[in-house]
Amino acid sequence: MNYRHVVIAGVDGAGAFLKDANTPEMDRIFARGAVTYEALASNPTISAECWGSMLTGVSPLKHGLNNALIAKRPYPEDSPFPTLYKRLRRAFPDKKIAAYCDWTPLITGVAEESAGVDCLSLRDEELIAPACEYLIENKPVFMFVHMDSVDGAGHANGYGTEKYMAQIEIADGYVSRLFEACKRAGIEEDTLFCVVSDHGGTCEKKEDGTFFGRHGGLSDEERLISFLARGRTVKSGKIGKMNIRDIAAVTLHALGLPVPEFEIGGWTAQIPENLFEGYDGPYFDISGEEEAAARVSQVRHTSESV
Ligand SMILES: [Zn+2]
């Protein structure tokens, strides 16, 4: 059931809003795919914490990443929770691994230097063309493409508003181009192709009557996220419970690598139910415990600028 490639298109700040946005391309690509709009973001619902969980398979209490930290230093080589990049580099010393990210610290602060990641950071409207070229030329074993414009539209106009939803429609086109690139590379049948958001956001009114948005809290509009997957062993329909960090387990499993053992206080990424043919759990739901722990620890963060 192995795949030879995993491609993840990350739509920053899209939350569960992909469900109601006009996304004809994603509707087509994932028509027989597995989908959920009720996956959980990490807590707090902020980019570094959430993408960090996706790439390390552990909660923010374990990986320790936040927006300020990833702007300052690379992911530590001695972390007990190496990133997917480093795990995959060990398993595939000669294959291409790539991170093409709009938000630069998501490359520089969430990848180990030793992982040998091919990277590029440009605003997403400029990033997609070189990302597609890279896919076609290099057929990477793993590629994470991060788009930030939807989150920008959410901060500026409020999440769920017309302008925000219009930006999701634009991102739908970006996802389509990435998928077409997989086809042109001739790797479509061997690829697990996914779309994921890291968190959603709110819509709040300013004194002047205009709207803006923010995120970091635990409301459903902030913490519910989308995950869409397509691949030859992917079940058609609705995925069971999942958390963003589970994507680390999904990636390892898809590429035929062992998934570390589930351990409370350690690696907690699992394969969700109803995602792959022939894999139906068990799935341990620990979301309640994690929320309680995060509240007790009072994880503080600065207001986000991405
Ligand atoms: Zn944001």
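Start at 1 and go down the list; that is how both ligands and their atoms are numbered.
Residue His199: no N/O/S atom is found under 2.8 Å from the Zn ion (ligand 1).
Taking the N/O/S atoms of His155 in turn, the shortest distance to the Zn ion (ligand 1) belongs to NE2. Asp151 contributes OD2 as its N, O or S atom closest to the Zn ion (ligand 1).
In this pair, Phe276 and Tyr3 present their aromatic rings tilted. The plane angle is within the 30 to 60° band. The aromatic rings of Tyr134 and Tyr100 sit tilted, their planes meeting at an angle between 30° and 60°. Ring pair His215/Tyr159 is perpendicular by interplanar angle, where above 60° counts as perpendicular and below 30° as parallel.
When side chains are defined from C-beta on, Asp124 does not count as touching Val145, because their heavy atoms never get closer than 4.5 Å.
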